[in-house]
Protein chains: 2
Amino acid sequence: MAGAAPNIRDVAQRAGVSTATVSRTLAHPDKVREDTRQKVMEAVEALGFVPNDRARVLRRQSSQTVILLVRDISNPFYLDVYKGVEEAAFDAGYKVLMGDARDDDERISHYIEAVRERHADGLILMIGRLPDRFGEDPARLPPIVVASEAIRTIDVPTVKVDNVAAARAAVEHLIALGHRQICHIAGPLDEYLGEARLEGYRAALAAAGIGDDPGLVLAGDFSLGAGHDLVADLIARGGTFSAIFAASDQMAIGAITALRQRGLRVPEDISVVGFDDTLIASMVDPALTTIHQPRRDIGFAAMTMMIERLSGVVTPTDRVFPTELIVRNSTRPLGRTHPRQERGHR
Amino acid sequence: MAGAAPNIRDVAQRAGVSTATVSRTLAHPDKVREDTRQKVMEAVEALGFVPNDRARVLRRQSSQTVILLVRDISNPFYLDVYKGVEEAAFDAGYKVLMGDARDDDERISHYIEAVRERHADGLILMIGRLPDRFGEDPARLPPIVVASEAIRTIDVPTVKVDNVAAARAAVEHLIALGHRQICHIAGPLDEYLGEARLEGYRAALAAAGIGDDPGLVLAGDFSLGAGHDLVADLIARGGTFSAIFAASDQMAIGAITALRQRGLRVPEDISVVGFDDTLIASMVDPALTTIHQPRRDIGFAAMTMMIERLSGVVTPTDRVFPTELIVRNSTRPLGRTHPRQERGHR
DNA sequence: CTGAAAGCGCTAACAG
DNA sequence: CTGTTAGCGCTTTCAG
């Protein structure tokens, strides 16, 4: 069993130099003479020295770490955003930790507290609201950037897409196919994201002169289970519709499962449009018509903004990314039962 | 704009006590007189003091944090294990961070290094191998516990299920239904998990006197995409089989998608068995026959072992949890096309 | 019950 | 190019 872990003093002693020189050798190798560096590196090697990050972080007053707090870690959408965040972080020597909010105030508070306690330098939020007490005193909030969502109670830099326009494009696609009874599986309606996509849905209906049927708007939480349960309920209640626009691919896929379980075929009986264009959208059968969001770019931009914010030299400004309607096989003209040619599978 | 964050000295000054008393008040409120506590809490409140965790961690030589490193964060299996880990951690005042290995040596090394640098106190691994260089000198590894998997190159406490027996039970179920041409979508065959389940598959075939066809064993990585692509390939190559045993639910679901895209129905044409019994298994259509693993218990046990290991008083010993075959609607007697009564949906 | 004082291990001026 | 030195902010003996 080896003894206690060696510290920088042990290395300095063994190499016959000062601790400052050891520190310098490790952090700025070009600032020490070649033979000194060699002596130090030998001692480091021999002792198996690993610098203690705890001490470094305390001294530097920065952990070079950012927490990415997502709404629901089981939604693959966030994983792709995470990759973009990580990429930007790596380029700048930052680390990224991911947290799962699970739509739970306690968990959200926990992560905010962690940053206030300097566990990390900043927080990238992918959630739609903050526990009330954090709205009170903005000065007590740590550095925050919001990605993909928007939080109305605080004023922080945000990167997202034009959700209203995107939702509208999705519903216009269905209308162009002849659908008029269109169900919307929405996000939480007291949050920006749910509201914006609902607004786009309504705008498309209104422009086509279709009166909107409140019974066809169902609020979910973007999860697979919500999509499934809401549609199962709607069918049980006897709701009639020929198409569904879901505010996430996950809900769209859950909806398709529920439809199948009731003997309804997609797209022959019901057309379905999702949102996000996650990888799974092109892998399910039928491949999902959906709205593409540049997930990686959103993550990259959010982390870049965070770094700007932390460096203090720049006040980042909001960014809006474009979206694109991707038509695959889950939508079909009303009443038509012959398939279009397949495309879009991986 | 508030000034710099207040530290414990500011609080002490304002409350008219020493920093030791402030520290005590926050950590052991019962060890200070009532009125002193009140004065201190007032100052804390007024200043908005948040103790700096960086300093605390350095002083205590423990961050009360553990990293859970998983094979692939997009597999929901790990999320449920994570919940168990988190539960045990919370009870003991620990924090949990999740890392994604993505089957990449560099990423794995990165997380091991993070722990060696004392970013966290220990590492719970849910991966099947370590980069070679870590096998060399076990003394240089941080405290490790392995969950659900097993790593042959290092000797560390492990919690898992009897994978051989579980896989055997799955395949015996298919054999009992009359299937004899059974494809196995395995895990990586140079790792314990892939190997153990393959062994169970072979044992079941051998016991039934079925010669095994190497062309029907396909090695994947437990992911949705692997299940899809391997089965698509197999069909393209003209492989014949009436059933599939996949080493994960994700691969089973990917396989079902591939089958459907080629016009094959599940379970009418092909029976499919998964492994894990993740939530999605009961939500897909058809609901998946699969092996249930007590995911939460595995996570809870792994974290409990880690805490024992870190406390130093106990050397934890390996644990093995039981599994259970859950029969749902994705398997059917060979040649039969009428459905059994549905069950197992959420 | 409370205060003084000694660090945890490292980095970054500042001198030399 | 290298060493000396002064902390980062907190916790915890040890006295009182």
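In what follows, chains are A, B, ... by sequence order, proteins preceding strands, each numbered from 1. Atom set for the values below is all heavy atoms of this structure, side chains included, hydrogens, waters and symmetry mates excluded.
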Separation of atom CG in A/D10 from atom C1' in C/dC10, rounded to whole Å: 13 Å

N or O in side chain of B/Q61 less than 4.0 angstrom from C/dG9 OP1/OP2: yes

Between C1' of C/dA12 and CZ of A/R56, the distance in whole Å: 14 Å

A/R33, nearest nucleotide to its side chain (from D/dG3, D/dT2, D/dG9): D/dT2

Length of the CD-P vector between B/E117 and C/dG9, whole Å: 16 Å

Touch class at under 4.0 angstrom, heavy-atom based, for A/R59 against every strand present: base

Which nucleotide in C/dG9, C/dA12, C/dT2 has an atom nearest any side-chain atom of B/L58: C/dG9

Nearest to side-chain heavy atoms of A/R24, which nucleotide of D/dG9, D/dG3, C/dT11: D/dG3

Sugar-phosphate only, base, or nothing, as touched by B/V22 at under 4.0 Å among non-hydrogen atoms: nothing

Under-4.0 Å salt bridge between B/R102 and B/D104: no

Rounded distance (Å) that lies between atom C1' of D/dG9 and atom CZ of A/R54: 15 Å

Base C/dG9 to side chain B/R118, donor-acceptor N/O within 3.5 Å cut-off: no

Student check: side-chain heavy atoms of B/M126 and B/L69 closer than 4.5 Å: no

Sugar-phosphate, base or nothing in reach of B/T21, heavy atoms under 4.0 Å: sugar-phosphate

Between C/dT11 (P) and A/K31 (NZ): distance, integer Å: 14 Å

Distance-only side-chain donor-acceptor flag, A/E42 / A/Q38, under 3.5 Å: no

N/O (side chain, A/R60) to phosphate O (OP1/OP2, C/dA12) under 4.0 Å: yes

Nearest to side-chain heavy atoms of A/N7, which nucleotide of D/dT2, C/dA12, C/dC10: C/dC10

Atom pair distance, as rounded to whole Å: CZ in B/R9 and C1' in D/dC8: 10 Å

Gap between atoms CG and C1', on A/D53 and C/dC8 respectively (whole Å): 14 Å

Salt-bridge present (B/R54, A/D121; N to O < 4.0 Å): yes

Length of the CD-P vector between B/Q13 and C/dG3, whole Å: 13 Å

Proximal nucleotide (of D/dC1, D/dG9, C/dG9) relative to the A/T36 side chain: D/dC1

A/T19 side chain, from C-beta outward: closest of C/dA13, D/dC10, D/dT5: D/dT5

B/V17 backbone acceptor or donor facing B/T21 side chain under 3.5 Å: no

